[in-house]
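Note on naming: letters A, B, ... go to the chains in the order of the sequence lines (proteins, then strands), and numbering restarts at 1 for each one.
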Amino acid sequence: MQERYEPAAVEAQAQQYWDQQRCFEAKEDSGRDKYYCLSMFPYPSGRLHMGHVRNYTIGDVLTRFMRMNGRNVLQPMGWDAFGLPAENAAMANGVPPAKWTFDNIAYMKAQLKSLGFALDWSRELTTCRPEYYRWNQWLFLRMLEMGIAYQKTGVVNWDPVDKTVLANEQVIDGRGWRTNALVEKREIPMYYLKITDYAEDLLETLSHMQGWPERVRAMQANWIGKSVGVRLGFPYEIEGLDIAGLGLAAGGGPGSGAAGPDAIAKGVLHAFTTRVDTLMGVTFCAVAAEHPLATHAARDNPKLAAFIEECKRGPAVEAEQATQEKKGMPTGLVVRHPLSHEAVPVWVGNYVLMSYGEGAVMGVPAHDERDFEFAKKYHLPIKPVIEVPGREYSTHAWSPRYADHGRCVNSGVYDGLEFQAAVDAIAADLGALGLGEKQTTWRLRDWGISRQRYWGCPIPVIHCATCGTVPVPEEQLPVVLPVNLVPDGSGNPLLKDAAFLAVPCPRCGAAARRETDTMDTFVDSSWYFLRFACADNNRSMLDSRVQYWLPVDQYIGGIEHAILHLLYSRFWTRVLHELGALKFKEPFANLFTQGMVLNEVFFRKPDAGRVEYFNPADVEVTLDATAQRRVAVLRADGLEVESGGIVTMSKSKNNGVDPQALVDEFGADTARLFTMFAAPPEQTLEWSDEGVQGAYRFIKRLWKAVHEHVMRGAPAPLDKSALNESQRAMRRQSHQTLAKITDDIGRRRTFNTAIAAAMELLNALAKFPQAQPQDRSVTQEALEIAVLGLSPIIPHVTHALWHHLGHATALIDEPWPPVDAEALQTSTVEIVVQVNGKLRARLSVAADADEGTLRAAALADPNVQKFVGANPVRKVIVVRGKLVSIVV
RNA sequence: GCCCGGAUGGCGGAACUGGUAGACGCGCCGGACUCAAAAUCCGGUGGUGGUGACACCGUGUGGGUUCGAUUCCCUCUCCGGGCACCA
């Protein structure tokens, strides 16, 4: 055995062995318990970043651990390969997105291999390949048939200079990111998926998903946003209102009927409320700027029209919406209170959203903070109708308590009713009048999947002048995206690709035009975890192997996907369940969200000009002469740079660490060990060059310990019955360590403490004598436990050390070692003695000592005596094997 | 505003079910090896007082429960994340 640890050679050899033996190719085996461990697949951006390394190491540790514990494991990998960055790179370099993407995939695949992840590459999938995305198209056609996919007009950001649609993140302060032109809103037809039909089920199931973090479940519940309330109507009769022309739904109220322009139209203004118990406190109604009644009122009112335009434009930044000042303007229209029949003025309010509920609210200034603010500003009446005991109502200033539930007052027949009783009674009375019913409203919107982009999955429809929009027949799938186009910044290049565009209408055969919109890339990632079970199937989307491998036993990824990706995946799984393709509705049994990787950020801010960021690898940090202050200096020019604190690694802050440099210098095992040791996996991880050194040092010490042991020659077999006290203690620690590592990886997922335990074992072993033959046998066992226990985390070096410890077979096929219960047994234990809650003594006592013995031993201790003194002992609490607590 | 986390040495973190606070690592200090440095190895390292054994203080704040609280309950402060004029 070589004395020096040389990671490059060790790692190449281990990886070559795994490759040749095809160790990680998973086979279905109904006789064995499967374990499907999946890490979120990467976007092929060019190179791996530390976030990938952390994510995939967590998955790899679990995969290898479960494999050793007898599970039939599957850990696949693929590429989320469609998307905007490829188009941007194409524009910058004049290379087709396909080439850029496949080059990146080749490079990153080599990186993943160099990190030694136990991935089944035979199932690799790439979403930009027609073998994959044809099934996006296939399922989209099924969704059209099922009515889940539908067409609707949507609003997009339009860059008038580039003549292209911009994604939200390409709009900066209302301007195009490339052209700096003012972005316009354009209405175009788009496809939507009816995820809202599944809102109730998606929300309800969350509460049973014990394998998901509470945080993620809360975020999804928030996002779905269920509100239970009442949809109620305020009847009106308005002169000259064109109900049909304004798209107002006629009917719903008593005496409503069709009316043409200039007639008196009867209608109902609908509003949604969760507080119908405050109905008798309504003093106005407010509608959104886009509301048809507002449009009507603005026809002959230029001031109102101008105000509505102002509201529609809104603040550039969305976060400002919530804080902007409330503004409004009366429409001059009046509706009737549904129960009191009083006249209620209708206002346009900038705080009313057209996209939520009915686009109109009933104004109850006494019990809603926003309505209160609005009423104060425009001097509208404030009528308190809810009484909370111990609270005086004042109309001068708002108190959050005014929104509390309470008892109705000033509300006629409802006086005295508590919240729920009031809601029930008022809803029943509204229902009898046909002016209201209980309703549930959702924050969740249907999922718009159309993107006016080239590098995505084509939406399989054809536009025919006579037949309209016609779905592509199934036998014509896939609609293949041309891969040789280069976007030039002037819109979707598919629009100029005659070969792609021209197609006969499937219905009438006449010349027609292909849809050029592509699908949101979230579509690609909404079902890839299913496809890994049957990636080679070219006849159907899924097959019976899915039933064996799915649901995913452990899904691992970043918290940034807590909402969209995970919610869309749950939705797609439900659709496939409905189609009969799946027997389950939830795709991920257990979810693990790993923390971000942080690093210090260094910068200089010239008096004029932009802040310049410097990569930490190019910065030297030292202590100044007084050792009080850290000084950061750029190596290139020797001048100082400022530290901006420790933040998430990102391109924009230039504080990323290149995993490749790390692997090249220290090896994959050090990279893996550091990322697993520096913090618990769900917490943020702070980068530390010294910490990496520490990880490297530990592996070297492990190597050295095995080397020194091996150089002493083969040890005698372990004879458990012939051990002395120190040998038994060493063995005990070995098996305690094994038990801890098993529990920490298998149950707690605290890899950092598992590693700490292994370090302790090695520290103890360094002090353990090697004089007698059985010392060496105990050492052999301890080293084997350390090597096997650490093998999921540092698989390469342990692969080599296992051979050096005298084993002919490979570690990868070794089962997880069992804990020897006999080794854990001990004859004496240390107990602590407290006097009035303070630690006063530690005693070594027989492990099976009874309460009386412990009590007597504790009281006899001189230091305990000193603190008890002459005081009478009031109480003695004895916890066997742990402590004695004396109260005086 | 609502919802979810969090706060422990110089730093990252440990203490799992209420029972020895600070495991493990980093950094720092001292020593060995070396002509020297690096690497490596050994020892020390929460604060205060004491030559010392030891004592007192100490887990964001204030209170409570308990023989005993980093851990449970209440209050407040600060930090991170999600949602947000959501009616």
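A:Arg840 comes within 4.0 angstrom of sugar-phosphate atoms only, judged by non-hydrogen atoms across all strands, and of no base. As judged by a 4.0 angstrom heavy-atom cut-off over every strand, A:Pro680 is placed among residues touching the sugar-phosphate backbone only. Looking at heavy-atom distances under 4.0 Å, A:Val361 makes contact with a base. Base contact: A:Arg747 has a heavy atom under 4.0 Å from a base atom. A:Asn863 comes within 4.0 angstrom of sugar-phosphate atoms only, judged by non-hydrogen atoms across all strands, and of no base. At a threshold of 4.0 angstrom between heavy atoms, the contacts of A:Arg701 are confined to the sugar-phosphate backbone, with no base atom among them.
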- [ ] Convert the base pairs of RNA chain B into dot-bracket notation, remembering that pairs crossing earlier ones are written with [ ] and that bases paired across to another strand are shown as |; include only Watson-Crick or G-U pairs under 3.5 Å.
- [x] (((((((..(((......[....)))((((((.......))))))((((....))))..(.(((..]....))).))))))))....
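For the pair A:Gln594 and A:Ile556, the minimum side-chain heavy-atom distance is below 4.5 Å. For the pair A:Phe234 and A:Val268, the minimum side-chain heavy-atom distance is 4.5 Å or more.
In the interface, the side chain of A:Arg443 is not paired with the base of B:rC86 through any donor and acceptor atom under 3.5 Å apart. Applying the 3.5 Å distance criterion, the base of B:rC67 shares no donor-acceptor pair with the side chain of A:Lys875.
Between B:rA38 and B:rC29, the distance separating the two P atoms is 12 Å to the nearest Å. Of the P atoms belonging to B:rU48 and B:rC41, the separation is 31 Å, rounded to the nearest Å. Between the C1' atoms of B:rU65 and B:rC79, the separation comes to 29 Å (whole Å). When the C1' atom is compared between B:rU8 and B:rA69, the two are found 14 Å apart, to the nearest whole Å.
As rounded to whole Å, 14 Å separates atom C1' of B:rC3 from atom CD1 of A:Ile224. In this structure, CG of A:Asn752 is placed 14 Å from P of B:rC16, rounded to the nearest angstrom. The distance between atom CD of A:Gln683 and atom P of B:rG13, rounded to the nearest whole Å, is 6 Å. Here the P atom of nucleotide B:rG22 and the CD atom of A:Glu760 are 12 Å apart, to the nearest Å. Atom pair A:Phe677:CZ and B:rG25:C1' shows a separation of 4 Å (rounding to whole Å applied). As rounded to whole Å, 19 Å separates atom P of B:rG80 from atom CD of A:Glu560.
Relative to the ring axis of A:Phe867, A:Arg840 places its NZ or CZ within 45° and under 6.0 Å from the centre.
In this model, a donor atom of one side chain and an acceptor atom of the other lie less than 3.5 Å apart for A:Arg701 and A:Asn763.
Nearest heavy-atom pair, A:Asp669 versus A:Val797, reported as atom, atom and distance to 0.1 Å: OD2-N, 2.8 Å.
A glycosidic torsion no more than 90° from 0 defines the syn conformation, and B:rG9 adopts it.
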